[in-house]
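This chain uses plain numbering: 1 for the first residue, then up along the sequence. Each ligand, and each atom within it, is numbered from 1 in the order the structure gives.
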Amino acid sequence: MKISSFLFTALTILMSLSTAISSQSPLLNFLNCFSHSSTVSQVIYTPNNTSFTTILNQKMIHKKFQTATTPKPLAIIAAKDASHVQATIICAKSNNIQIRIRSGGHDYEGYSYVSDVPFVILDMFNINSVDINLQEETAWVDSGATLGKIYYNIAKKSSSLAFPAGVCFSLGAGGHFSGGGYGNLMRKYGLSVDNIIDAIIVDVNGNIFDRKSMGEDLFWAIRGGGGASFGVILSWKLKLVHVPSQITVFNVKRNVDEGATDVVYKWQLVAPKLPKDLFIRVQPNVVQIDNGTKNIVQVSFIGQFSGTTERLLLLISKSFPELGLKNSDCFSMPWINSTLFAYGRPIGTPLEALLEGPQAGYSKGQSDYVKKPIPKIALESIWKKMIEGETLFMQWNPYGGRMEEILSSQTPFPHRAGNLFKIQYYNSWIDGSPESIERHVNFSRSFYKLMTPYVSHSPREAFLNYRDADIGANHPSNTTKFAVAQTYGSKYFKGNFKRLVNVKTKVDPENFFRYEQSIPTKTY
Ligand SMILES: Cc1cc2nc3c(=O)[nH]c(=O)nc-3n(C[C@H](O)[C@H](O)[C@H](O)COP(=O)(O)OP(=O)(O)OC[C@H]3O[C@@H](n4cnc5c(N)ncnc54)[C@H](O)[C@@H]3O)c2cc1C
Ligand SMILES: *[C@@H]1O[C@H](CO)[C@@H](O)[C@H](O)[C@H]1NC(C)=O
Ligand SMILES: *[C@@H]1O[C@H](CO)[C@@H](O)[C@H](O)[C@H]1NC(C)=O
Ligand SMILES: *[C@@H]1O[C@H](CO)[C@@H](O)[C@H](O)[C@H]1NC(C)=O
Ligand SMILES: *[C@@H]1O[C@H](CO)[C@@H](O)[C@H](O)[C@H]1NC(C)=O
Ligand SMILES: *[C@@H]1O[C@H](CO)[C@@H](O)[C@H](O)[C@H]1NC(C)=O
Ligand SMILES: *[C@@H]1O[C@H](CO)[C@@H](O)[C@H](O)[C@H]1NC(C)=O
């Protein structure tokens with residue numbers, strides 16, 4: 001990434017001049033303002049460009065937004081260096097255009113590429129380098145780099161280093177890390193943000209800061225408070241973590257009519273207390289049996305152990321014999337291969353699969369935190385409801401370990417000690433008709449309602465990276481925009497919301513960086 005601040009200062013002055021004398025459309029004013037930057041023609045796509053739709057859709061996981069009726073950006077700025085990011089901020093601000101910042105495009109509500117006010121997309125996919133420093137055991141990664149690219153590059157350099165982050169390879173560093181970021185190494189090393197030691201950000205005035213010059217408050221806020229409320233993150237510095245050269249993985253499936261409920265019940269008691277090296281995710285799915293004539297719930301127990309199969313089997317036979325784990329269920333492999341396994345790829349899949357782009361579809365995601373075990377009888381009613389919906393599955397991610405050693409106020413992500421596990425609900429379906437979308441979203445909402453007695457309350461906590469437009473909306477106390485923000489803010493951040501508002505008010509007092517669920521300023 002090039003940072004040319006002299007050029008930029010000259011640019012800013014020119015741009016302010018040009019907008020002052022112009023009376024054209026906001027887009028033409030924006031382009032005019034931006035055009036003082038030398039490489040503009042390779043960077044800006046307007047609807048006139050033949051590849052506009054291709055660029056718009058390439059990092060868009062929701063097919064429902066790939067329609068003619070979805071509001072389109074005035075332009076997409078596919079920034080190639082810091083000066084393009086600076087110019088986008090300055091020119092959008094001076095023309096009253098909102099920006100949507102997109103890195104991997106996996107936002108559950110599409111907030112990185114859809115808006116109902118005039119907007120441009122600042123697309124970060126071209127700013128994607130990954131630079132590993134073996135001596136320091138660190139890496140500088142740009143926002144537009146995908147997790148797969150980061151994992152792949154780490155593994156090319158070392159078989160004993162890794163980074164704790166998400167399971168899906170096509171997630172972008174920009175959104176994923178600024179929302180917390182978790183994966184199978186969470187019980188051992190915490191979240192991604194617990195292992196981020198520096199960052200480069202462009203603020204609302206186009207200034208570029210690193211950790212030292214942005215200060216600890218802002219550096220705190222962008223590690224879990226969501227980046228897009230505060231500025232544009234260009235890159236992150238990661239502290240890499242140690243893994244054995246071989247780790248052990250498994251994925252064993254138990255059907256509910258063969259006693260899976262008892263195993264899940266016991267899992268709730270033991271999984272958050274197991275040694276940090278062992279992570280066992282529970283994934284209940286609806287599957288067809290009897291040649292497609294019957295739906296049942298099948299639970300996958302997907303495990304990752306930083307150690308040998310022998311030690312794993314010993315540990316399980318002592319702490320969790322109900323799982324019935326056998327030697328033949330276990331596979332030893334380097335950490336990098338395990339990232340493919342964890343995402344359901346068959347053993348032997350070439351590592352290049354890590355570099356694949358996202359796949360669009362229809363889905364609705366939500367999250368919950370569980371603080372006391374769900375009774376067996378309730379588990380049975382949960383499975384029954386899942387079967388009704390057919391397309392919803394869950395991922396239950398055990399907490400404890402490193403997660404409970406870190407204070408809730410250490411980062412904006414507040415869900416630390418006291419949680420047994422987090423639930424992610426994921427409803428995904430094929431038919432994109434309006435009726436089908438409404439029916440599936442209805443089902444997700446009724447499922448979420450059914451779960452109320454078993455999950456956290458006051459507030460009912462939620463994970464920012466599993467953004468959900470439902471929370472906060474239609475709340476009885478939504479008398480002001482700030483009250484709405486307080487509702488989703490308390491769910492995502494609990495007591496940290498207040499500090500986030502303070503940081504926001506300091507770094508972006510005019511609230512330029514805003515979207516449906518951004519951090520408000522004090523006077524919003
Ligand atoms: C299939 C799938 C699997 C997932 N698996 C996991 C998982 O294992 N673990 C986990 O923690 N999460 C997971 N998530 C959630 C994911 O972490 C979030 O959706 C995350 O926000 C995605 O980041 P992104 O850059 O891909 O998305 P984007 O849609 O590009 O961005 C998400 C948000 O971050 C903002 N943003 C993006 N880039 C920047 C930037 N450079 N500066 C400032 N703000 C920025 C956007 O404006 C938007 O508000 C998953 C999501 C999906 C769809
Ligand atoms: C978009 O079209 C304009 C005008 O035709 C052109 O100058 C510009 O280079 C195109 N942008 C890209 C990224 O190709
Ligand atoms: C797009 O094309 C139309 C028709 O050629 C033209 O009038 C308009 O100015 C163009 N817009 C931009 C932003 O280039
Ligand atoms: C399973 O279903 C298919 C298609 O409906 C049918 O052809 C086949 O005979 C069935 N098999 C069994 C074992 O019932
Ligand atoms: C891990 O992946 C590499 C590269 O694809 C492959 O050569 C190796 O056989 C894999 N190892 C295991 C145990 O899967
Ligand atoms: C979805 O739920 C709403 C409100 O309960 C209801 O009016 C609507 O008919 C439902 N839609 C579908 C397709 O089931
Ligand atoms: C508050 O909720 C009502 C519906 O209950 C909705 O119409 C309104 O837009 C909401 N207000 C805000 C500020 O979100």
Side-chain angles (χ1 to χ4, degrees), residues 24-25 27-59 72-81 83-85 87-88 91 102 113 120-128 144 147-162 169 184 243-251 287-296 302-310 312 327-356:
Q24 306 169 85
S25 76
L27 172 61
L28 290 178
N29 287 341
F30 175 87
L31 295 175
N32 190 23
C33 170
F34 201 104
S35 68
H36 298 94
S37 165
S38 55
T39 53
V40 56
S41 65
Q42 269 85 60
V43 171
I44 300 192
Y45 298 82
T46 73
N48 281 9
N49 294 84
T50 48
S51 41
F52 177 79
T53 305
T54 310
I55 298 293
L56 180 61
N57 291 350
Q58 73 171 353
K59 300 266 181 181
K72 299 287 181 279
L74 300 171
I76 302 166
I77 296 83
K80 291 188 173 161
D81 61 36
S83 76
H84 297 144
V85 173
T88 303
C91 298
R102 177 163 70 176
Y113 50 81
V120 294
I121 295 177
L122 176 54
D123 219 336
M124 302 296 284
F125 65 90
N126 282 323
I127 301 182
N128 63 19
L147 296 188
K149 181 170 180 180
I150 296 170
Y151 296 162
Y152 185 83
N153 278 273
I154 293 173
K156 268 207 302 203
K157 289 264 171 84
S158 164
S159 56
S160 60
L161 293 174
F169 332 129
N184 293 2
V243 284
S245 61
Q246 296 278 311
I247 66 172
T248 307
V249 299
F250 60 86
N251 182 347
V287 298
Q288 292 188 335
I289 57 165
D290 296 346
N291 206 13
T293 59
K294 193 181 170 199
N295 281 342
I296 60 153
I302 306 168
Q304 177 169 318
F305 179 60
S306 297
T308 62
T309 301
E310 220 178 2
L312 172 64
N327 190 49
S328 57
D329 297 321
C330 300
F331 304 95
S332 256
M333 57 180 70
W335 167 75
I336 191 65
N337 301 55
S338 82
T339 63
L340 288 162
F341 183 86
Y343 203 45
R345 296 302 173 90
I347 289 173
T349 302
L351 299 184
E352 282 63 34
L354 290 167
L355 306 174
E356 286 169 9

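- Taking any N or O of N337, backbone or side chain, at least one lies under 3.5 Å from an N or O belonging to ligand 5.
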#### Entry: CA sep, side-chain torsions, deciding dist, call: T293, N291, side chain to side chain donor-acceptor pair (under 3.5 Å)
CA-CA 6 Å; T293 59; N291 206 13; over 6 Å; no
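- Summarising the geometry, atom NE2 belonging to H84 is positioned 10.5 Å from atom CD1 belonging to I77; distances are rounded to the nearest 0.5 Å.
- Between the choices L351, I336, T349, V249, the shortest heavy-atom distance to atom 4 (C) of ligand 5 belongs to L351.
- For I44, every heavy-atom contact with ligand 2 shorter than 4.0 Å involves the backbone, none the side chain.
- Within a 4.0 Å radius of atom 7 (O) of ligand 4, the protein has no heavy atom.
- One finds the CD1 atom of I150 at 7.0 Å from the CD1 atom of I154 (value rounded to the nearest 0.5 Å).
- Between Y343 and F169, the ring center distance clears the sub-6.0 Å criterion.
- Per-residue contacts place Y45 under 4.0 angstrom from the following atoms of ligand 2 (heavy atoms of the residue considered): 13 (C).
- Within a 4.0 Å radius of atom 2 (O) of ligand 4, the protein contributes at least one heavy atom.
- For ligand 4, the atoms sitting less than 4.0 Å from at least one non-hydrogen atom of N291 are 1 (C), 2 (O), 3 (C), 8 (C), 10 (C), 11 (N), 12 (C), 14 (O), numbered in the order shown with element in parentheses.
- For the pair S332 and ligand 5, a heavy-atom separation below 4.0 Å is found.
- For the pair Y45 and D123, the minimum side-chain heavy-atom distance is 4.5 Å or more.
- There is a protein heavy atom less than 4.0 angstrom from atom 11 (N) of ligand 4.
- Distances below 4.0 Å separate heavy atoms of Q42 from the following atoms of ligand 2: 13 (C).
- Close approach to M333 involves these atoms of ligand 5, each under 4.0 Å from a residue heavy atom: 13 (C).
- Ion pair E356/R345 flagged as a salt bridge, since at least one NZ, NE, NH1 or NH2 atom sits closer than 4.0 Å to an Asp/Glu carboxylate oxygen.
- Within 6.0 Å of atom CD in E310, 12 or fewer heavy atoms from other residues, nucleotides or ligands are found, so the atom counts as exposed in its surroundings.
- L122 CG to I127 CD1: the interatomic distance, rounded to the nearest 0.5 Å, is 7.5 Å.
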